[in-house]
Number of protein chains: 2
Amino acid sequence: MGRTPPHPDVSQFDLQLVLEALVDPVRRSIVSQLDAAGEDRACGSFDMPVSKSTATHHFKVLREAGLIRQYYVGTSRMNALRRAEMDEAFPGLLDALTARRTAVARG
Amino acid sequence: MGRTPPHPDVSQFDLQLVLEALVDPVRRSIVSQLDAAGEDRACGSFDMPVSKSTATHHFKVLREAGLIRQYYVGTSRMNALRRAEMDEAFPGLLDALTARRTAVARG
DNA sequence: CCAGAAGTACGATCGCTGTCAAACTTTGAT
DNA sequence: ATCAAAGTTTGACAGCGATCGTACTTCTGG
């Protein structure tokens with residue numbers, strides 16, 4: 001569907017949801033890749049050892065936790081890291097987790 | 001028993017294990033209480049909504065992730081937060097998670 | 001208009017983990 | 001010696017979530 005999916009507001013960010021999102025290695029890798037890229041990227045452009053349907057699931061979890069913002073460009077769904085807002089809600093958290101320690105594991 | 005349980009060395013701290021430990025609300029509460037107390041505390045002295053056997057499980061997970069150090073004093077098992085070592089391995093992580101967000105000012 | 005590309009939606013597994021109760025161990029006090 | 005306190009161990013169970021394949025939708029290019 002072309003409609004924009006629901007995104008939580010910064011005031012509704014929940015630490016529990018954020019941690020549940022970041023505890024998964026695949027999702028943490030997505031965040032790291034997005035952070036390293038410094039620009040928005042399509043779902044399909046990520047290096048991920050899972051199927052497309054599983055990838056969709058991971059992006060949804062990240063979006064609902066407030067970690068990424070998603071919007072369509074043609075058939076591609078773009079993903080933007082909501083770093084400033086995360087830093088506002090949980091100062092230091094993303095810094096601690098994106099510290100070039102990235103390892104992509106098969107889970 | 002009575003013997004000291006195994007503790008990982010700082011050089012072997014693993015981010016994945018640490019996050020898996022901290023994603024559980026009960027365990028995060030233990031860490032927060034330990035941090036707020038500023039001193040070692042016995043297992044039974046924590047405010048936890050679970051049974052003793054479940055508590056034992058949580059302390060074990062925290063210990064194996066390197067978040068706490070455990071030692072016996074009489075029949076009590078004391079718990080110490082390994083903050084300095086955690087800060088060394090993952091700078092800013094515990095700070096971000098033990099931040100009291102109810103308060104306003106932050107020095 | 002049609003084919004392909006990019007994702008989503010939907011079930012269905014399947015393993016993991018948080019939970020408890022019950023039995024046990026160790027220590028300290030009476 | 002006995003008893004209670006503090007945890008541990010074991011075994012079982014329930015629910016969640018990561019995974020996949022298949023079918024479906026939407027958009028773009030020819």
Side-chain angles (χ1 to χ4, degrees), chain A residues 1-7 14 16-31 33-34 37 39-65 67-80 103-107, chain B residues 1-7 14 16-31 33-34 37 40-65 67-80:
Chain A
M1 50 166 29
R3 287 205 54 75
T4 311
H7 289 82
D14 176 46
Q16 186 60 36
L17 275 182
V18 172
L19 286 180
E20 283 170 4
L22 291 172
V23 77
D24 186 282
V26 175
R27 289 195 288 265
R28 210 160 60 249
S29 172
I30 292 175
V31 169
Q33 290 179 53
L34 213 39
E39 60 180 7
D40 300 0
R41 294 181 56 182
C43 292
S45 74
F46 290 85
D47 184 20
M48 270 188 291
V50 295
S51 68
K52 285 208 300 182
S53 52
T54 299
T56 294
H57 165 66
H58 286 311
F59 283 112
K60 180 183 179 187
V61 172
L62 287 171
R63 186 188 69 231
E64 293 181 339
L67 280 158
I68 61 173
R69 180 166 310 245
Q70 296 189 294
Y71 58 96
Y72 275 97
V73 172
T75 62
S76 291
R77 191 165 217 174
M78 301 301 294
N79 301 277
V104 186
R106 176 84 174 83
Chain B
M1 42 172 187
R3 293 208 51 79
T4 311
H7 290 81
D14 175 47
Q16 186 59 37
L17 274 183
V18 172
L19 287 179
E20 283 170 4
L22 291 173
V23 77
D24 186 282
V26 174
R27 289 194 288 265
R28 210 159 59 250
S29 172
I30 291 174
V31 170
Q33 290 180 51
L34 213 39
D40 302 0
R41 294 181 56 184
C43 292
S45 75
F46 290 85
D47 184 19
M48 270 188 291
V50 295
S51 69
K52 287 208 299 181
S53 52
T54 299
T56 294
H57 165 66
H58 286 311
F59 283 111
K60 181 183 178 186
V61 171
L62 287 172
R63 186 188 69 231
E64 292 180 342
L67 281 156
I68 62 173
R69 173 162 279 121
Q70 297 189 294
Y71 58 96
Y72 277 95
V73 172
T75 63
S76 291
R77 191 165 217 175
M78 301 300 295
N79 301 277

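Sequence lines set the chain letters: A, B, ... in the order given, protein chains first and strands last, and positions in each chain run from 1.
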Peer 1: Measure the NE2-OG distance between A/His57 and A/Ser53 for me, rounded to the nearest 0.5 Å.
Peer 2: 10.0 Å

Peer 1: Report the residue from B/Asn79, B/Thr4, B/Asp40 that forms a side chain to side chain donor-acceptor pair (under 3.5 Å) with B/Tyr71.
Peer 2: B/Asp40

Peer 1: Rounded to whole Å, please give me the gap between CZ in A/Arg28 and C1' in D/dA18.
Peer 2: 15 Å

Peer 1: In whole Å, I'd like the distance from the CE atom of B/Met78 to the P atom of C/dT26.
Peer 2: 21 Å

Peer 1: Not counting sequence neighbours, which residues clear side chain to side chain contact (heavy atoms under 4.5 Å, CB included) with B/Lys60? List them please.
Peer 2: B/Arg63, B/Glu64

Peer 1: Name the pairs: protein N/O against N/O of nucleotides 21-23 of chain D, kept only if under 3.5 Å.
Peer 2:
{"from": "D/dG21", "atom 1": "N7", "to": "A/Ser53", "atom 2": "OG", "distance (Å)": "3.4"}
{"from": "D/dG21", "atom 1": "O6", "to": "A/Ser53", "atom 2": "OG", "distance (Å)": "2.8"}

Peer 1: What is the separation between atom CE on A/Met48 and atom C1' on D/dC20, rounded to the nearest whole Å?
Peer 2: 15 Å

Peer 1: Can you tell me which nucleotide in D/dG7, C/dG28, C/dG7 comes closest to the side chain of B/Lys52?
Peer 2: D/dG7

Peer 1: Given atom NE2 of B/His57 and atom C1' of C/dT17, what is their separation to the nearest angstrom?
Peer 2: 6 Å

Peer 1: Could you tell me whether the phosphate oxygens of D/dG17, OP1 or OP2, come under 4.0 Å of any side-chain nitrogen or oxygen in A/His58?
Peer 2: no

Peer 1: How many angstroms lie between NZ in B/Lys52 and SG in B/Cys43, if you round to the nearest 0.5 Å?
Peer 2: 10.5 Å

Peer 1: Would you mind classifying the nucleic acid contact of B/Val50 as base, sugar-phosphate or nothing, using non-hydrogen atoms under 4.0 angstrom?
Peer 2: sugar-phosphate

Peer 1: With sequence neighbours left out, what residues match B/Thr54 under side chain to side chain contact (heavy atoms under 4.5 Å, CB included)?
Peer 2: B/Val50, B/Ser51, B/His58

Peer 1: Using whole Å, report how far OH of B/Tyr72 lies from P of C/dT27.
Peer 2: 9 Å

Peer 1: Checking all strands, does B/Ala42 fall into the base, sugar-phosphate, or nothing category for heavy-atom contacts under 4.0 angstrom?
Peer 2: sugar-phosphate

Peer 1: Compare the minimum distances between each of D/dA5, D/dT19, C/dG7 and the side chain of A/Cys43, then state the nucleotide with the smallest one.
Peer 2: C/dG7

Peer 1: What pair of heavy atoms forms the shortest contact from B/Met48 to B/Ala55, and how long is it?
Peer 2: CE-CB, 3.8 Å

Peer 1: Expressed as a whole number of angstroms, how long is the span from B/Phe46:CZ to D/dA6:C1'?
Peer 2: 14 Å

Peer 1: Whole-Å distance between D/dG17 P and A/Leu62 CG?
Peer 2: 14 Å

Peer 1: Could I get the full list of side-chain hydrogen bond (donor to acceptor under 3.5 Å, both in side chains) partners for A/Ser45, not counting sequence neighbours?
Peer 2: A/Arg41

Peer 1: Picking from D/dT19, D/dT26, C/dG7, which would you name as closest to the side chain of A/Ser76?
Peer 2: C/dG7

Peer 1: Mind running a 4.0 Å heavy-atom check of residues 16-25 of chain B against DNA chain D and sending the residues that fall below it, in number order?
Peer 2: none

Peer 1: Kindly write out the residues that satisfy salt bridge (Lys or Arg N to Asp or Glu O under 4.0 Å) with B/Arg69, not counting sequence neighbours, or none if the list is empty.
Peer 2: B/Glu85

Peer 1: Among all residues two or more places apart in sequence or in another chain, which pass the side-chain hydrogen bond (donor to acceptor under 3.5 Å, both in side chains) test with B/Asp14?
Peer 2: none

Peer 1: Please round to the nearest 0.5 Å and tell me the distance separating atom CD1 of B/Ile30 and atom CD1 of B/Ile68.
Peer 2: 7.0 Å

Peer 1: Quick one: on DNA chain D, does A/Thr75 or A/Arg27 contact a more 5' nucleotide (nearest heavy atom)?
Peer 2: A/Arg27

Peer 1: Within this structure, what is the CD-to-P distance between B/Gln70 and D/dA6, rounded to whole angstrom?
Peer 2: 16 Å

Peer 1: Are there runs of at least three consecutive Watson-Crick or G-U pairs touching DNA chain C, with each pair's two distances under 3.5 angstrom? Give them by first number.
Peer 2: C:1-30 with D:1-30

Peer 1: Quick one: list whatever passes side chain to side chain contact (heavy atoms under 4.5 Å, CB included) with A/Val31, sequence neighbours left out.
Peer 2: A/Leu22, A/Leu62, A/Leu81, A/Leu94, A/Thr98

Peer 1: List in chain and number order the residues that pass side chain to side chain contact (heavy atoms under 4.5 Å, CB included) with B/Val23, two or more places apart in sequence or in another chain; answer none if no residue qualifies.
Peer 2: A/Gln16, A/Leu19, A/Glu20, A/Val23

Peer 1: Looking only at side-chain atoms of A/Val26, point me to the closest of D/dT9, D/dT19, C/dC20.
Peer 2: D/dT19

